[in-house]
Number of protein chains: 2
Amino acid sequence: MRHKEGNKEKAIIEAAIETFAEDGFYKSKIVDIAKKANVAIGSIYVYYKNKDDILLKIFDQIWEPIYNDMKRIASEKSYTPTQKFEYMLDSVFDAFEKYPEKAVVFVNEQNRLMKERPKSFTNYYELFIKEGEKIIKSGIKSSEFKNLNVRIFRRFVLGGLRELLREWTKNPTKRSLNQIRDSVKYFCKTGILDK
Amino acid sequence: MRHKEGNKEKAIIEAAIETFAEDGFYKSKIVDIAKKANVAIGSIYVYYKNKDDILLKIFDQIWEPIYNDMKRIASEKSYTPTQKFEYMLDSVFDAFEKYPEKAVVFVNEQNRLMKERPKSFTNYYELFIKEGEKIIKSGIKSSEFKNLNVRIFRRFVLGGLRELLREWTKNPTKRSLNQIRDSVKYFCKTGILDK
DNA sequence: ATTATTTTTGAATATCAATTCACAAAAAAA
DNA sequence: TTTTTTTGTGAATTGATATTCAAAAATAAT
């Protein structure tokens, strides 16, 4: 039996992340991914069903670790809802700080993919959202948070986060992301009015 | 000289808005736009240079009226910065409330188009942003607003707005949009903490 | 060394859809 | 009525690229 030459599956998905980040999903060519991964075109179809399948697996890779982090945070009894909320934001920022190309793919491709392939899109994202909403609800219950519409609030915050990540990816330094972290936390907690 | 049969230019752009909203830009076919507009394929290329050109003109149509509204609001001396900020949000909500398909095109296509065709993208958007930032700065100067990073704040708010519009387009009623309006204004002003 | 199994390959295929352009139709001008 | 100008048409062209698959290469088993 023949051995696999290194890890082609991993090389392909990493090349795809770079390519999708650079050119966008639709303008990315399989042949370019193959070149970047140093494999033949045919090898891509050995490890992945098609171009869509690669993107779907990238999103698995993005959301599984963030969700696992969330679970840990949510179950930590000693944290207040405010702390949990801040750590939740941090787990998203941390994940993308390590791998800015994934942030680019997230900000550019997730919404379209979720719309087009709702059944196939990673389940970890939905689980992440659920945990996040639970944290907000617990804060409302303990009167630490205002009683605002949880669904609207979490969409607003995630949308804002995505937009800031989009900007950050143009200059993905630790320092610029820290400024974003602090601003978002501060604003989410107390709003814009100075009183 | 022959007269134009009705207004093909308008019929085409309206059919394109519907088609892009339904199928997304890349999956939209020129032949479908032609059918929906009741014109021949060739006629589309009489009035528009290509598929991209139609999308660029749609964004002109979206942002010109919003920017004009903004100018009016910004120059109204009797408004406080907080009022101006709220009316600014309203002018965005109002524009999309009238034409939900435009909201779909905005939430799904603007970022990619701005990245790919920065020189050709409507200038009205940039002007709108500038006016918005001026309002925030005036609020900071008058100590009505906290001294937070204007750039980060406006991106966060616009990103949140976009995400809520995305959700709203799935059920684009006046009532559901009003709930979003109120929630956004309330949250932006005072944040989540209940103190 | 020979055979069997698994992995890799990339030229060829198949499909798809944007754009063109030669011609037709309609209205105005002569 | 005939000619000129403008507007409209859609079959044919063009170009692109995702995917397939028959063959080759590499290793393991006998």
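Numbered from 1 within each chain, the chains take letters A, B, ... in sequence-line order.
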Do any side-chain nitrogens or oxygens of Tyr47(A) fall under 4.0 Å of OP1 or OP2 in dT8(C)? yes
Just to confirm, is there a sub-4.0 Å distance from OP1 or OP2 of dT19(C) to any side-chain nitrogen or oxygen of Lys51(B)? no
Kindly compute the distance separating CG (Leu165(B)) from CZ (Arg155(A)), expressed to the nearest 0.5 Å. 11.5 Å
Is any side-chain nitrogen or oxygen of Ser43(A) closer than 4.0 Å to OP1 or OP2 of dT8(C)? no
To the nearest Å, give me how far apart CG (Asp52(B)) and P (dA17(C)) are. 17 Å
CD of Glu9(A) versus P of dT7(C): gap in Å, rounded? 12 Å
Quick one: closest heavy-atom pair of Phe20(A) and Glu109(A), and the distance? O-OE2, 4.3 Å
Which residue is it: Lys49(B), Lys51(B), Lys57(B)? I am looking for the one with a side chain to side chain donor-acceptor pair (under 3.5 Å) to Asp53(B). Lys57(B)
4.5 Å side-chain heavy-atom contact, Arg166(B) and Glu163(B): yes
For the residue pair Ile140(A) and Lys146(A), establish whether any side-chain heavy-atom pair is separated by less than 4.5 Å. no
Could you check how far CG of Asn38(A) sits from P of dT8(C), rounded to whole Å? 13 Å
What parts of residues 113-122 of chain A reach DNA chain D, counting only heavy atoms under 4.0 Å away? none
What's the NZ-P distance between Lys8(A) and dA26(D), to the nearest Å? 11 Å
Can you list, in residue-number order, the parts of residues 19-33 of chain A that come under 4.0 Å of DNA chain D, counting heavy atoms only? Ser28(A), Lys29(A), Ile30(A)
Parallel, tilted or perpendicular: which fits the ring planes of Phe153(B) and Phe85(B), with parallel below 30° and perpendicular above 60°? tilted
What is the distance from CG of Asp53(B) to C1' of dA18(C), rounded to the nearest Å? 14 Å
Does NZ in Lys170(A) sit with more than 12 non-hydrogen atoms of other residues, nucleotides or ligands closer than 6.0 Å? yes
How close or far is atom P of dT19(C) from atom NZ of Lys49(B), stated in whole angstroms? 10 Å
Spacing of Tyr48(A) atom OH relative to dT8(C) atom P, expressed in whole Å: 13 Å
Heavy atoms, side chains only, cut-off 4.5 Å: are Asn123(B) and Leu127(B) in contact? yes
Just how far, in rounded Å, is C1' of dA11(D) from OH of Tyr45(B)? 15 Å
Give a yes/no verdict on a cation-pi contact between Lys130(B) and Tyr67(B), requiring under 6.0 Å between NZ or CZ and the six-membered ring centre and an angle within 45° of the axis. no
